[in-house]
**Q** 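Here's a structure for you.
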Amino acid sequence: MKKIALTIALFSFTFFFSQKNENYLQIGYHSMCCGTPSADPVMNYVNQFKKKKKVKNFEIYKQGGLGREGEFNLYVGTDGFSKTQKSKFISGLKATIDSQNKTRNPNSGGTVSFEETEMVKKADLSKARNLTLINKKTIKTK
């Protein structure tokens, strides 16, 4: 009987205190005339950060269908980071996005937007349409 109670308590503790992201960074991909820019630079940065800092769970959502030319948003969960990891991740992400925007074709290339101080809550995402969870298989590294 004690073993059953201990097992139930262990599973309950794991279930109730499992990591669940409540705060997300929003990255927007916008089109000028010829489609959106690639998400590869950001996803490569995410993978490098994940390997370097040994972050186990990266929760990333993609919201598509935001425009005629394939505009979309990415939402990256940040609750699994320590304060220093979060600040390093945000500064590296900002540098990656700035670099991508600087190398685009100004006449036809789309832009990537990112506000490091703006957080999106889980409740807001639950109301969003066309939202899909990106898993490890979807994230490509070169």
Side-chain angles (χ1 to χ4, degrees), residues 3-142:
K3 289 181 182 180
I4 293 172
L6 182 63
T7 304
I8 291 172
L10 181 65
F11 282 120
S12 298
F13 179 80
T14 304
F15 177 73
F16 288 114
F17 294 104
S18 64
Q19 178 183 345
K20 296 176 184 170
N21 285 315
E22 293 291 328
N23 299 300
Y24 296 84
L25 297 170
Q26 179 180 347
I27 305 164
Y29 290 83
H30 313 286
S31 173
M32 289 291 254
C33 76
C34 306
T36 59
S38 173
D40 287 345
V42 169
M43 298 311 274
N44 289 338
Y45 172 72
V46 167
N47 282 325
Q48 288 173 357
F49 187 85
K50 184 177 180 177
K51 287 179 185 177
K52 186 177 177 182
K53 301 294 182 182
K54 297 179 183 172
V55 178
K56 291 183 181 180
N57 294 330
F58 241 105
E59 195 172 80
I60 303 173
Y61 287 97
K62 180 179 179 180
Q63 181 184 24
L66 298 178
R68 293 184 190 184
E69 296 181 353
E71 290 87 349
F72 64 96
N73 287 335
L74 292 179
Y75 299 97
V76 181
T78 60
D79 291 347
F81 298 142
S82 67
K83 287 183 181 183
T84 55
Q85 281 180 332
K86 184 177 177 180
S87 66
K88 286 181 182 180
F89 178 76
I90 289 173
S91 64
L93 185 61
K94 181 75 172 158
T96 301
I97 291 170
D98 288 345
S99 172
Q100 185 175 7
N101 283 332
K102 286 178 186 174
T103 59
R104 74 180 182 89
N105 182 347
N107 296 328
S108 63
T111 59
V112 183
S113 65
F114 174 63
E115 279 295 325
E116 62 267 15
T117 57
E118 186 178 323
M119 287 287 177
V120 177
K121 298 289 184 185
K122 181 82 169 189
D124 297 330
L125 286 182
S126 66
K127 299 172 190 171
R129 294 180 23 228
N130 301 330
L131 197 66
T132 56
L133 179 65
I134 297 178
N135 61 18
K136 291 179 190 176
K137 296 175 187 170
T138 310
I139 300 174
K140 297 177 184 175
T141 54
K142 293 182 180 180

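Being a predicted model, the structure only gives us computed values, none of them experimental.
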**Q** Residues two or more places apart in sequence or in another chain: which of them pass salt bridge (charged side-chain N to carboxylate O under 4.0 Å, His left out) with Lys88?
**A**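 Listed in chain order: nothing, the list is empty.
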**Q** May I ask you to decide if the ring planes of Phe81 and Phe89 are parallel, tilted or perpendicular, using 30° and 60° as cut-offs?
**A** tilted
**Q** Please check this pair: side chain of Tyr75 against backbone of Lys122, looking for a donor-acceptor N/O pair closer than 3.5 Å.
**A** no
**Q** How long is the straight-line distance from CG of Asn73 back to CG of Asn130, given to the nearest 0.5 Å?
**A**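 The distance works out to 11.0 Å.
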**Q** Report the distance from atom CD of Gln85 to atom NZ of Lys53, rounding to the nearest 0.5 Å.
**A** 7.0 Å
**Q** Is the backbone of Gly28 close enough, under 3.5 Å, to the side chain of Glu71 for a donor and an acceptor to pair up by distance?
**A** no
**Q** Nearest heavy-atom pair of Phe72 and Gly64: which atoms, and what distance?
**A**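 Of all heavy-atom pairs spanning Phe72 and Gly64, the closest is CB-CA, 4.0 Å.
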**Q** Between Leu74 and Ile134, is a side-chain contact (heavy atoms from CB on, under 4.5 Å) present by the stated rule, with each step listed?
**A** CA-CA 9 Å; Leu74 292 179; Ile134 297 178; 3.8 Å; yes
**Q** I'd like to know if the side chain of Asp79 reaches the main chain of Glu22, judged simply by a donor and an acceptor atom lying under 3.5 Å from each other, with no hydrogens or angles considered.
**A**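 Yes, the answer is positive, given that a donor and an acceptor are paired below the 3.5 Å cut-off.
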**Q** Please round to the nearest 0.5 Å and tell me the distance separating atom CD of Gln100 and atom OG of Ser38.
**A** 6.5 Å
**Q** Just by distance, do the side chain of Glu69 and the backbone of Thr36 share a donor-acceptor pair under 3.5 Å?
**A**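 No, because the side chain of Glu69 does not come within donor-acceptor range (under 3.5 Å) of the backbone of Thr36.
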**Q** Would you confirm whether Thr96, through its side chain, and Gly92, through its main-chain N or O, come within 3.5 Å as a donor-acceptor pair?
**A**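 Side chain of Thr96 to backbone of Gly92, a donor-acceptor pair under 3.5 Å: yes, one is there.
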**Q** Which residues satisfy the salt bridge (charged side-chain N to carboxylate O under 4.0 Å, His left out) test with Glu115, sequence neighbours excluded?
**A**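 Glu115 satisfies salt bridge (charged side-chain N to carboxylate O under 4.0 Å, His left out) with no other residue.
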**Q** Please answer whether the main-chain N or O of Thr78 pairs with a side-chain N or O of Asn23 as donor and acceptor at a distance below 3.5 Å.
**A**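 No.
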**Q** Quick one: do Glu59 and Tyr61 satisfy side-chain contact (heavy atoms from CB on, under 4.5 Å)? Show the steps, please.
**A** CA-CA 7 Å; Glu59 195 172 80; Tyr61 287 97; 3.7 Å; yes
**Q** Please name all residues satisfying salt bridge (charged side-chain N to carboxylate O under 4.0 Å, His left out) with Asp124, sequence neighbours left out, ordered by chain then number.
**A**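 By the salt bridge (charged side-chain N to carboxylate O under 4.0 Å, His left out) rule, Asp124 matches no residue at all.
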**Q** Just verifying a value: how many Å separate Tyr29 OH and Leu66 CG, rounded to the nearest 0.5 Å?
**A**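 These two atoms lie 13.0 Å from each other.
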**Q** Would you compute the distance between atom CD1 of Ile27 and atom CD1 of Ile97 and round it to the nearest 0.5 angstrom?
**A** 4.5 Å
**Q** Please find the pair of heavy atoms, one from Ala128 and one from Gln63, that lie closest to each other, and give the distance.
**A** CB-NE2, 3.6 Å
**Q** So which atom in Leu133 and which in Ile60 form the shortest heavy-atom distance, rounded to 0.1 Å?
**A** CD1-O, 3.4 Å
**Q** So, do Phe114 and Ile90 sit near enough that their side-chain heavy atoms are less than 4.5 Å apart?
**A** yes
**Q** Could you report the tightest heavy-atom contact between Leu25 and Glu118, atom names first, then the distance?
**A**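 For Leu25 versus Glu118, the nearest heavy atoms are CD2-O, 4.3 Å.
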**Q** Roughly how far apart are Met43 CE and Lys50 NZ, rounded to 0.5 Å?
**A** 9.5 Å
